[in-house]
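Below: the structure, in structure tokens.
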Amino acid sequence: SQEVTIGNKYLNVSFDSSGFLSSITVDGVTNRLRQSFVYYESKLGDNEEPRNRSSGAYIFRPNGTEQTVTETVQLKVIRGGTVQEVHQVFSEWISQVVRVYADESHVEFEWMVGPIPVDDGIGKEIVSRFYTAIQSNGVFWTDSNGRDMLRRVRNHRDTWKLDLVEKISGNYYPVTTRIALEDETHRLAVLNDRAQGGSSLEDGSLELMVHRRLLYDDAFGVHEPLNEKAFGKGLIARGKHWVLFGAKNAKASPTIEARERFLQNQVLLPNWLFFSDASDFKYEDWQ
Amino acid sequence: EPHLTVLREALGVMQHHDAITGTEKQHVANDYARMLNRAIGACSANTQAILNQMVDPKYRRSLRSEPEPGAHPEVPPRPKYKFAFSSCHLLNVSKCELTESKDSFTITLYNPLAHAGHQYVRVPITGDHYIVRDYRNVEVPAQIVPIPEPVQRLSYRFSNATSELVFLANELPPLGYKSYFVSRAIDTLEDFVHEMGSKPAQGPASAAVEPSPLGEPTRWQ
């Protein structure tokens, strides 16, 4: 029932009394940063009509209904000198760890989603969504295979006049490693550990699709619904997002954009870990 | 070279657009996972051999190699070393049989980048007290963090780990490696009594300190 804050010398993140991430403080300045999980219900279409196919492996086609997962999140807080964590439980099938390491200037989100319940006969596509007060004016950036960041404008294409019939999926773009938005003063970037779909459907908000479980084929050739089952249940997916938030300051060294690239190198080209049984060795022998 | 070729061939298959986007049928997805797992396992023979060339010569000698049961006939058996470097492919579900069951183990980080780096290492463990030392015998600050309850509840994780050991591995040299020695500590009499008390009362003392089998059914691979 109380606000909770974790952090380090670079930043603090706070969670409101409902258990949701609510703000981030960088250099003494507090800004809105809310995160939650929502899901889209999948469209059951008519595969005989090419423009009305079901949401499936090839097509992301929500039926227009967006559902929130919960109004309150259970929290557990772990504090220490190396890492501070908040363990969040959103529902029986969505949980997350929000983590701040002592010497890192980003926030790590380790989400776990699944098995997605489909007993109601409705496929679901789950997204992690971040909300800020950034005045992004419909503009956001997604990367192109980990290389250039491409400028995307909501409900717009550069070379033709666009009349979007599907307002959600029509604004989704592939995100291989990074999605970002900014205004003149602040910037938010989310790095992902695997290719995902992402968008900014409102000014100041970013979202990435983390998991989906669908019950109908979309008639594009796979001939089965995207309904992965493990041990007779739906698949559980676990992964990470890394969030960088900060003031846009061209004089800062490194700039926030440069920090994103350094972090990309660090998390996407990680060290290789090897383990050895040292039961038969004294430390001095090993040394 | 044949070990590397297994991964080359698997990556050749994975360039199919269905493997990139995930639009393959489920049984094909399962087969892709099987191929990649086998290929990465084959390549571990190479990383193992190279790391053993770096370590002290007295631990470099390879032991007699035996073909593994069920191994592909075209893939030569992996050499066995006195000091073996193994990977834990299930760290993403907070599971590593070696770190969970051994009282002493080493963690080696190879930095594939051309500049120095750092990483917060997380490994699943079952004990309460551990000491992490680097190669200079300097103790590295480490923290034990509970594994989130929803992860612990996963019925098919097959792990006894309830916590993760977290420490900062820093100054990792470019295109080089750094190792840490981790030992489980019983540092007070009270801990010692607690430690002994948590073991089964029956059976000889030597059996009590042996790591217990994780109870993983052999049918899961």
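Letters A, B, ... are given to chains in the order of the sequence lines, protein chains preceding strands, and every chain is numbered from 1. Nothing here was measured: the structure is a model prediction, and the numbers come from that model.
F275(A) has its side chain within reach of V123(B): a pair of non-hydrogen atoms, C-beta onward, lies under 4.5 Å apart. Between K76(A) and E149(B), the closest side-chain pair of non-hydrogen atoms falls below 4.5 Å. Counting only heavy atoms from C-beta outward, the side chains of D103(A) and Y120(B) approach each other to under 4.5 Å.
Of residues 165-175 of chain B, those residues lying under 4.5 Å from chain A by any heavy-atom pair are V166(B), F167(B), L172(B).
If you measure heavy-atom distances from I144(B) to chain A, you find no contacts under 4.5 Å at all. The parts of S179(B) that come within reach of chain A are both its backbone and its side chain, each placing non-hydrogen atoms under 4.5 angstrom from that chain. In this structure, chain A has a heavy atom under 4.5 Å from the backbone of N92(B), while its side chain stays farther away. Residue R99(A) touches chain B through its side chain alone, counting heavy-atom pairs closer than 4.5 Å. In this structure, chain A has no heavy atom under 4.5 Å from any part of Y177(B). Looking at V97(A), the atoms closer than 4.5 Å to chain B (heavy atoms on both sides) all sit in the side chain, from C-beta outward. Both the backbone and the side chain of V83(A) come within less than 4.5 Å of a heavy atom in chain B. For a residue to count as touching a neighbouring chain, one of its non-hydrogen atoms must lie under 4.5 Å from one of that chain's; by this rule I107(B) touches chain A with backbone and side chain alike. Neither the backbone nor the side chain of S183(B) comes within less than 4.5 Å of any heavy atom of chain A. The part of L226(A) that comes within reach of chain B is its side chain, from C-beta onward, which places non-hydrogen atoms under 4.5 angstrom from that chain. For A102(A), the parts lying near chain B are the backbone and the side chain together; criterion is any non-hydrogen pair under 4.5 Å. Contacts between D280(A) and chain B at a heavy-atom distance below 4.5 Å are absent for every atom of the residue. If you measure heavy-atom distances from A142(B) to chain A, the contacts under 4.5 Å come from the backbone alone.
With a 6.0 Å radius and a threshold of 12 heavy atoms from other residues, nucleotides or ligands, E224(A) has its CD atom above the threshold.
Under the disulfide (SG to SG under 2.5 Å) criterion, C43(B) pairs with no residue at all, not counting sequence neighbours.
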Ignoring hydrogens and angles, write down the donor-acceptor pairs under 3.5 Å from the side chains of residues 265-274 of chain A, residues two or more places apart or on other chains.
unit_1, atom_1, unit_2, atom_2, d
N265(A), ND2, H115(B), NE2, 3.4
Q266(A), NE2, E104(A), OE2, 3.1
N271(A), ND2, Q119(B), OE1, 2.8

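Contact record, T106(B) with A278(A): CG2-CB, 4.0 Å, taken as the closest heavy-atom pair. In this structure, V222(A) and K25(B) approach most closely via the heavy-atom pair O-NZ, 3.0 Å.
The side chain to side chain donor-acceptor pair (under 3.5 Å) analysis of residues 86-95 of chain A, with sequence neighbours excluded, yields the pairs E85(A)-H87(A), Q88(A)-Q96(A).
Options V89(A), N227(A), I78(A) differ in how many heavy-atom pairs under 4.5 Å they form with chain B, and the most are formed by I78(A).
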